[in-house]
Amino acid sequence: MKASSGLILPWFLLISVIAFGLETMAETTQQTGGTVEVNRGSKREWPEVVGLAVEEAEQKIKEDMPMAVLQVLPENSFVTMDFNQRRVRIFVDESRKVVKTPRVG
């Protein structure tokens, strides 16, 4: 009994991960008209937005990467170390100016 119950959790997690990936892929395909596209170009970071207001930075990043999920955070925030190919974190100071190069991840 223990051997079989020990295998249920890993299989459940594997199925959940696969289902999440397929759902995300379907969502992306619908939004891009049939092609799976996360980042149009090879741009992975935006050093040119450092010093700009966060609104301007968001606009420039979205021009290059329309599917980006932008996270605006205070400059010394703790963040998770996981990698997400759709996420771009924008670190800002008290005046909402970008202080660190935004990167995919």
Side-chain angles (χ1 to χ4, degrees):
M1 187 93 171
K2 280 189 176 183
S4 65
S5 66
L7 294 175
I8 292 173
L9 183 60
W11 279 104
F12 175 78
L13 289 174
L14 179 61
I15 291 169
S16 296
V17 169
I18 291 170
F20 177 74
L22 291 174
E23 181 181 316
T24 303
M25 189 173 174
E27 209 174 274
T28 303
T29 303
Q30 286 176 344
Q31 293 175 357
T32 59
T35 59
V36 177
E37 177 182 326
V38 175
N39 188 351
R40 283 187 200 165
S42 59
K43 191 144 189 175
R44 310 290 293 164
E45 54 185 48
W46 291 264
E48 69 274 14
V49 303
V50 174
L52 296 180
V54 69
E55 294 80 13
E56 289 179 77
E58 288 174 325
Q59 182 179 0
K60 287 184 182 282
I61 293 167
K62 283 288 194 174
E63 285 173 8
D64 293 325
M65 191 175 168
M67 298 294 295
V69 176
L70 304 177
Q71 289 183 343
V72 178
L73 302 162
E75 63 184 310
N76 293 318
S77 296
F78 288 101
V79 295
T80 60
M81 296 300 293
D82 64 315
F83 183 83
N84 182 332
Q85 66 181 358
R86 290 179 60 193
R87 177 178 58 212
V88 177
R89 290 182 174 136
I90 304 172
F91 293 93
V92 297
D93 61 14
E94 306 82 34
S95 62
R96 309 265 304 154
K97 301 275 186 194
V98 179
V99 294
K100 187 176 175 184
T101 299
R103 290 181 174 78
V104 171

Of all heavy-atom pairs between [X] and [Y], which one has the smallest distance, and what is that distance?
X	Y	answer
I61	A68	CG2-CB, 4.5 Å
E94	E75	OE2-OE2, 3.8 Å
K60	V49	CD-CG1, 3.9 Å
V72	R96	CG1-NH1, 3.7 Å
V50	K100	CG2-C, 3.8 Å
R86	M67	NE-O, 3.3 Å

May I ask whether V69 and F83 are part of the same hydrophobic cluster, defined by side-chain heavy atoms of I, L, V, M, F, W, Y residues being less than 4.5 angstrom apart, directly or through others? no

Has R103 got a side-chain atom pairing as donor or acceptor with T101's backbone, closer than 3.5 angstrom? yes

Other cluster members, V79 - Ile/Leu/Val/Met/Phe/Trp/Tyr, side-chain contacts below 4.5 Å: L73, F91, V99

Measure the CG-NZ distance between L70 and K62 for me, rounded to the nearest 0.5 Å. 5.0 Å

In sequence, state the C-alpha distance, the side-chain angles, and the governing distance for V98 and W46, and then conclude on side chain to side chain contact (heavy atoms under 4.5 Å, CB included). CA-CA 11 Å; V98 179; W46 291 264; over 6 Å; no

Contact between Q71 and R87 at the side-chain level, heavy atoms closer than 4.5 Å - yes or no? yes

Got a sec, which residues hit side-chain contact (heavy atoms from CB on, under 4.5 Å) with Q59, two or more places apart in sequence or on another chain? E63

